[in-house]
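Quick note: numbers below take in every heavy atom, side chains included, and nothing from hydrogens, waters or symmetry partners. Whatever order the structure lists them in is the order used to number ligands and atoms, beginning at 1.
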Amino acid sequence: MFEAIQKLPPDPILGLTSAYESDPNPDKVDLGAGVYKDDTGVTPIFASVKEAERRWEQQEKTKVYISPPGFADFNTAIQKLILGADHPALAAGRVRSVMAPGGCGALRVGAELINRFKPGATIWVSKPTWANHVPLLGSAGLKIAEYPYYDGAAHGVDFAAMCRTLEGAAKGDLLLLHGCCHNPTGADLNRKQWDAVTEIAARRGLLPFVDLAYQGLGDGLDEDAYGPRTLARALPELMLAYSCSKNFGLYRDRIGALLTVSPTPEQADAGITHINSIARGIYSMPPAHGGALVKTVLNDPELRARWQGEVDGMRNRIHTLRALLADTLKKLGAPRDFAFIKREYGMFSFLGVSKEQVQRLRTEFSIYMVDSSRINVAGVSPGNVEYLAKAIIAVL
Ligand SMILES: Cc1ncc(COP(=O)(O)O)c(C=O)c1O
């Protein structure tokens, strides 16, 4: 079999990281891969998570398998974090969740569930969307269709075009929505727009599948969950893939959750049996460690407060860096207005330069970003912002 296998080209984002690492230029800047970094370029371990790990190590008595849904006290805590403790769907007993290996694991198991009950169903994704949505959803057998989302010229959401397309979606179609901090554009729906999308989904019978991978990094932990909370109040059904990679810094521990809201508690229980059987056929049961740390943080008031402070710190730093980059470009006389960077949320923005300009930034200035001109704002720092802004102006 292996005789016939040809090498795949390098992954565009992971390839960028290795090119950056082998670049000897001391001024090099990495705006590629989507991980949070501090001013020294390090992706730090949260102090709250480190403390949870210390406590868990003392407490852990066995490494025997955990059950397919994972820790019960992880699931109750994560459901409240996502929906808010007083959400009516929780009170009605219609919410269930399982631990999953990262947001990717949750997206894939969710896609398999959809395909089990609606084989070959159409799922609408934003144009553009996170590149990995396509294999995660498509390989499960779903048909992917795109709704217009980002208007590059206006640097914002083309909401009228999005709604026009969703009005034409068929009853029962799936609708993938980024909960907050849209990847790759940074352009989020505002509250009025979430309300309008909820109304369309309810009227047209669309089933939303929310990808919430950056809760707390946009506007605040509760603020960033406005969309899924609104959908879950108005609609009988919702699916949500959650990632703890960014907001707990647990990337390599692979922890996330798949959450469902079903019309009745009985249907919610039935759904979970299928989610467990799908996971059993892929990875059997979730890894325990990341979930143990998240539940330790969320269920201890003091650790939770410390963690919330750390998330607030990350978010504030991202906003500061957004302003710093936009203002430095203006100060240095950029011939274009980059103020939109300040208005966007999360780690990403489209700089709005051509592929050729992205190549020039890489070859002439050792500044690394994805060909689409998506930048990871967390790669900007007070130490590199002038160099970066001058380079951008030079290639415009
Ligand atoms: C939009 C989006 N969804 C989901 C994920 C899932 O991440 P993970 O599987 O590492 O938790 C990511 C990570 O980059 C993401 O950007």
Checklist outcome for this item: Candidates Ala100, Ala257, Ser245; heavy atom nearest atom 8 (P) of ligand 1 found on Ser245
To check your reading of the model: name the closest protein heavy atom to [atom], its residue, and the distance in Å.
{"atom": "atom 7 (O) of ligand 1", "value": "Ser243 OG, 3.8 Å"}
{"atom": "atom 16 (O) of ligand 1", "value": "Tyr214 OH, 2.7 Å"}
{"atom": "atom 4 (C) of ligand 1", "value": "Trp130 CZ3, 3.4 Å"}
{"atom": "atom 3 (N) of ligand 1", "value": "Asp211 OD2, 2.6 Å"}
{"atom": "atom 13 (C) of ligand 1", "value": "Lys246 NZ, 3.0 Å"}

Item to check | Polar proximity ligand 1 side, Phe348 side, N/O cut 3.5 Å exclusive | outcome: no
Checklist entry - Do Asn183 and ligand 1 have an N or O pair less than 3.5 Å apart? => result yes
Next on the checklist: Is the contact between Cys104 and ligand 1 made by the side chain, the backbone, both, or neither, using heavy atoms and a 4.0 Å cut-off?
Outcome noted: both
Item to check | Aromatic ring pairing Phe340/His155, orientation class (parallel under 30°, perpendicular over 60°, tilted between) | outcome: parallel
Checklist entry - Parallel, tilted or perpendicular: which fits the ring planes of Phe248 and Phe46, with parallel below 30° and perpendicular above 60°? => result parallel
Checklist entry - Does a sphere of radius 6.0 Å around CD in Glu57 hold more than 12 heavy atoms from other residues, nucleotides or ligands, not counting ones at 6.0 Å or beyond? => result no
Item to check | Test item: Gln359 and Asp371 side chains (from C-beta on) under 4.5 Å apart, heavy atoms | outcome: yes
Next on the checklist: Just by distance, no angles: are the side chains of Asp158 and Tyr147 close enough, under 3.5 Å, to form a donor-acceptor pair?
Outcome noted: no
Checklist outcome for this item: Given the options Tyr242, Tyr36, Trp307, Asn247 meets side-chain hydrogen bond (donor to acceptor under 3.5 Å, both in side chains) only with Tyr242
Numbered atoms and elements of ligand 1 in range of [X], under 4.0 angstrom, heavy atoms:
{"X": "Arg254", "result": "8 (P), 9 (O), 10 (O), 11 (O)"}
{"X": "Gly102", "result": "9 (O), 11 (O)"}
{"X": "Gly103", "result": "6 (C), 8 (P), 9 (O), 11 (O)"}

Checklist entry - Is the backbone of Gly218 close enough, under 3.5 Å, to the side chain of Glu223 for a donor and an acceptor to pair up by distance? => result no
Next on the checklist: Quick check: His182 with Tyr150 (ring centres under 6.0 Å apart)?
Outcome noted: no
